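These notes are about the structure you will find just below.
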Amino acid sequence: MVAIKTIKTDEKCPIHHVNLVKIGNCDPFCTLCTREEVNQEKKQLDIANTMNIVRGNLRRNSLVDDPSEFSHTFDNFKAPEGSKEAQMKALARSIAGEYFKDKTTKFNTLMYGTPGEGKTHLAMAMLNAVNKYSDPPQTCLFINVNSLFLAIRDSFDDPTAKWTEKYAVRQLSKVDLLVIDDLGSESAMNASKSEASNFIQRVLYQITNRQKRIIITTNLTMEQLKKSYNPKLISRLLAGSKGHQLDFSGIKDKRY
């Protein structure tokens with residue numbers, strides 16, 4: 001291996017006022033300038049890697065009913081001009097902007113109505129927009145509530161399972177923006193209504209007591225929500241939702 005010889009020249013760096021050096025036939029250069037350039041490139045690479053890790057959290061840790069839901073955006077939400085769909089899209093985009101502008105702003109959004117009206121699509125569109133464009137990036141998570149409780153219950157018989165109650169509460173509480181999708185659907189899988197209801201409400205209460213930025217979709221009416229969950233949980237679900245409640249009723253089922 002041949003050692004590379006560095007030759008100090010008489011030229012000075014106009015920034016650092018040190019002698020430039022020369023290697024072989026290369027142009028003279030300042031070692032301090034070069035070091036700063038390398039450090040800056042490394043810093044930019046570290047920032048890019050961090051942003052990729054944060055933004056990758058959405059796909060890496062979410063629990064979706066259908067993986068195709070990750071592709072939902074405002075652009076591919078069909079909303080004829082003047083329709084209620086267009087109204088809901090405009091409201092959802094505006095609210096997403098509020099979450100995007102300031103991640104310390106704390107309020108929940110409620111999207112309610114009968115199945116197939118586009119609530120899940122627009123909730124994911126809001127999350128995708130915040131996840132893609134926020135700088136610094138915000139951690140985002142999309143959780144289908146039925147999938148969540150199935151995963152937690154699977155952990156009862158499997159000590160190695162990832163989605164324990166403790167893990168779920170921690171993960172859902174620490175992100176910057178959370179979607180809880182299809183609230184109310186979890187009750188359909190309960191064989192023991194009383195015990196399961198207490199368990200479900202306990203988990204949801206822990207999450208909503210810690211997480212203050214939640215987008216909630218549900219097929220239940222406001223009246224049904226209040227009958228399904230205790231007043232303390234309802235209070236937390238609706239926290240800050242005044243002006244952020246989207247009623248999708250009257251929209252034709254988009255799945256047919």
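Each residue takes its place number in the sequence, starting with 1. Everything numeric here is computed off the predicted structure, so don't read it as measured data.
Distance alone, capped at 3.5 Å, is enough to place a donor-acceptor pair between the Asn19 side chain and the Thr9 backbone.
Taking 4.0 Å as the cut-off between side-chain N and carboxylate O, Arg202 and Glu165 count as a salt-bridged pair.
In summary, the side chains of Lys174 and Gln171 do present a donor paired with an acceptor at a separation below 3.5 Å, with no hydrogens or angles considered. Counting only N and O atoms by type, the side chains of Thr160 and Asp158 include a donor and acceptor under 3.5 Å apart. With hydrogens and angles left out, the side-chain atoms of Asn61 and Lys162 include a donor and acceptor closer than 3.5 Å. Inspection of the Asn131 and Gln138 side chains reveals no N or O donor paired with an N or O acceptor under 3.5 Å. A donor and an acceptor atom, one from each side chain of Ser185 and Asn146, are nowhere located under 3.5 Å apart. Between the side chains of Thr114 and Asn219, not a single donor N or O lies within less than 3.5 Å of an accepting N or O.
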Pair Thr217, Asp181 - check side-chain hydrogen bond (donor to acceptor under 3.5 Å, both in side chains), show working.
CA-CA 5 Å; Thr217 78; Asp181 182 50; 2.6 Å; yes
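At most 12 non-hydrogen atoms from other residues, nucleotides or ligands lie less than 6.0 angstrom from OH of Tyr133. Crowding of Asp10 atom CG: a count of heavy atoms from other residues, nucleotides or ligands under 6.0 Å not exceeding 12. Within 6.0 Å of the CG atom in Asp27, the count of heavy atoms belonging to other residues, nucleotides or ligands does not exceed 12.
In summary, of the residues considered (Thr109, Ile214, Leu127, Leu58), a side chain to side chain contact (heavy atoms under 4.5 Å, CB included) with Leu177 occurs for Leu127 alone.
The aromatic ring centres of Phe142 and Phe70 sit 6.0 Å or more apart.
Phe199 and Phe156 have perpendicular rings, their planes meeting at more than 60° on a 0 to 90° scale where under 30° would count as parallel. Using cut-offs of 30° and 60° for the angle between ring planes, the Phe77 and His121 rings count as perpendicular.
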